Amino acid sequence: MAASDIGVPAPWMPGEIHADVIAGVAVLAAAYLWAWRRRGIPVSPSHAGCFTAGLVVILVALNGPLHDLSDRYLFSAHMVQHLLLTLVLPPLLLAGLPSWLADDLIRLAGRSRPSALIVACVTRPLPAFALYAVALIGWHLPGPYGAALGSHAWHVIEHLTLIATSTLAWWPVLSPSTLAPPLPYGAQILYLFVFGMPMTVVAAMITAAEEVLYPFYALAPRVTALTALEDQRLGGIVMWVPAGLIPLVAFTIVFFRWVAAEAEPSGEGEDAVR
């Protein structure tokens, strides 16, 4: 939205559709189907269902009413959008990758020795978590956040960065790859204890603020009864609660998988339940 439009009353929009988002999703879907056909094996319904659900999340988050509300009017809507892109989309995309496709992507990304070293590094727990934490906290600081709202190019970079780093952050738990496998179940439990901390830090900073941190929303037309500060605090709560609940759900799933793996006959181990 142009700076001159801020604060100017505007009629409610039913939801703009962005051709670049549609094209990107179409390319991802076509590449996914091509990979299965290239292998010459039937598409797995479970994998395809998860991957398709991830593509739907992209369409919902970056098109239509949610996108318009987050870009033009409500900070809280923008936080819902970021939650979809960081806590919902990556698990669905990773669950949609069969192990052979994940391995193919890793081989493609690591074709040279330097890139192979980078891939090996960023898929490990500490670097993956650190990149995610820096990106999440950094993009929600007033300066970078305002720059993203003021420039479409920076906004695209913001979203791509959040998606990429959050996917890396989920990798130690949800990796389908045999080349860069997930952590053992016990380590996954410990990892998930700290996974939600970056978003909790951001949410606490936003919710506790006594003034509007993002001038863009202070000047935007009010489309609800909430003031800009109330909307900001709602956005903080929107981040805070899922930041705790979603890792807790993942923690519970991992715990029961661990129990099931321990109950398997000796020699089958964790791979038997993945």
Side-chain angles (χ1 to χ4, degrees), residues 1-29 51-93 135-136 138-167 199 202-203 206 212-228 230-243 246:
M1 182 171 66
S4 59
D5 294 333
I6 300 176
V8 178
W12 170 243
M13 299 288 289
E16 184 178 353
I17 302 300
H18 297 273
D20 54 345
V21 175
I22 301 296
V25 167
V27 168
L28 286 174
F51 196 83
T52 300
L55 297 183
V56 171
V57 169
I58 295 175
L59 293 174
V60 170
L62 301 180
N63 278 301
L66 178 59
H67 184 270
D68 286 356
L69 281 171
S70 66
D71 267 23
R72 300 173 179 172
Y73 304 109
L74 296 175
F75 174 79
S76 54
H78 208 160
M79 294 306 97
V80 172
Q81 186 185 61
H82 284 186
L83 285 177
L84 290 175
L85 296 179
T86 58
L87 295 184
V88 178
L89 173 61
L92 288 173
L93 293 183
L136 186 72
W139 277 116
H140 287 87
L141 295 175
Y145 191 97
L149 286 176
S151 165
H152 178 68
W154 278 113
H155 208 162
V156 171
I157 292 171
E158 175 196 40
H159 286 161
L160 290 177
T161 303
L162 290 176
I163 292 170
T165 56
S166 58
T167 300
M199 192 166 288
V202 173
I206 292 169
V212 176
L213 298 174
Y214 311 105
F216 182 97
Y217 291 113
L219 299 174
R222 309 314 311 158
V223 294
T224 70
L226 297 175
T227 66
E230 289 169 342
D231 173 51
Q232 178 177 286
R233 287 173 175 166
L234 175 60
I237 294 171
V238 164
M239 294 184 75
W240 206 325
V241 175
I246 292 179

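Only a predicted model underlies this, so the values are computations on that prediction, with no experimental measurement involved.
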message: Has Ser151 got a side-chain atom pairing as donor or acceptor with Ala147's backbone, closer than 3.5 angstrom?
response: no
To the nearest 0.5 Å, atom CZ of Phe75 lies from atom CG of Leu149 at 9.5 Å
Rounded to the nearest 0.5 angstrom, the CE-CD1 distance for Met79 and Ile206 is 5.5 Å
Taking every heavy atom of Pro90 against every heavy atom of Ser166, the minimum-distance pair comes out as CG-OG, 3.3 Å
Exercise for review: With the side chain counted from C-beta on, respond yes when Val88 and Leu83 share a heavy-atom pair under 4.5 Å apart, and no when they do not.
Suggested key: no
Got Leu85 and Leu62 here, is their nearest side-chain heavy-atom distance under 4.5 Å?
yes
Quiz prompt | Pair His78 and His155, ring centroids less than 6.0 Å apart | solution = yes
request  = Quick one: do Asp20 and His152 satisfy side chain to side chain contact (heavy atoms under 4.5 Å, CB included)? Show the steps, please.
outcome  = CA-CA 12 Å; Asp20 54 345; His152 178 68; 3.8 Å; yes
Between Leu89 and Gly54 the two heavy atoms that sit nearest each other are CD1-O, 3.2 Å
Heavy-atom check, side chain of Leu55 versus side chain of Ile58, under 4.5 Å:
yes
- Message: For a 4.5 angstrom cut-off between non-hydrogen side-chain atoms, does Ile157 reach Trp139?
- Response: yes
Rounded to the nearest 0.5 Å, the CG atom of Leu87 sits from the CG atom of Leu162 at a distance of 10.5 Å
- Task: Give the ring-plane orientation class for Tyr145 versus His140, where under 30° counts as parallel, over 60° as perpendicular and anything between as tilted.
- Result: tilted
Here the gap from Phe51 atom CZ to Leu93 atom CG, rounded to the nearest 0.5 Å, amounts to 5.5 Å
To the nearest 0.5 Å, atom CD of Gln232 lies from atom CG of Leu74 at 12.5 Å
query: Within a strict 4.5 Å, meaning less than it, do heavy atoms of the Leu59 and Val21 side chains meet?
result: yes
| query | Are any non-hydrogen side-chain atoms of Thr224 and Asp231 less than 4.5 angstrom apart? | reply | no
Interatomic distance, OG1@Thr167 vs CG@Leu92, rounded to 0.5 Å, equals 10.5 Å
Please tabulate, for the side chains in residues 233-241, all donor-acceptor contacts under 3.5 angstrom to protein atoms that are two or more places apart in sequence or on a different chain.
from	atom 1	to	atom 2	distance (Å)
Arg233	NH2	Ala209	O	3.3

- Query: Hey, does Val212 have a side-chain heavy atom less than 4.5 Å from the side chain of Thr227?
  - Reply: no
Query - Validation row: Thr165, Leu136 side chains within 4.5 angstrom (heavy atoms) - result: no
For the backbone of Leu66 and the side chain of Gln81, can you confirm whether one donor and one acceptor N or O come within less than 3.5 Å of each other? no
Minimal heavy-atom distance between Ala148 and Trp154, with the atoms involved, is CA-CB, 4.0 Å
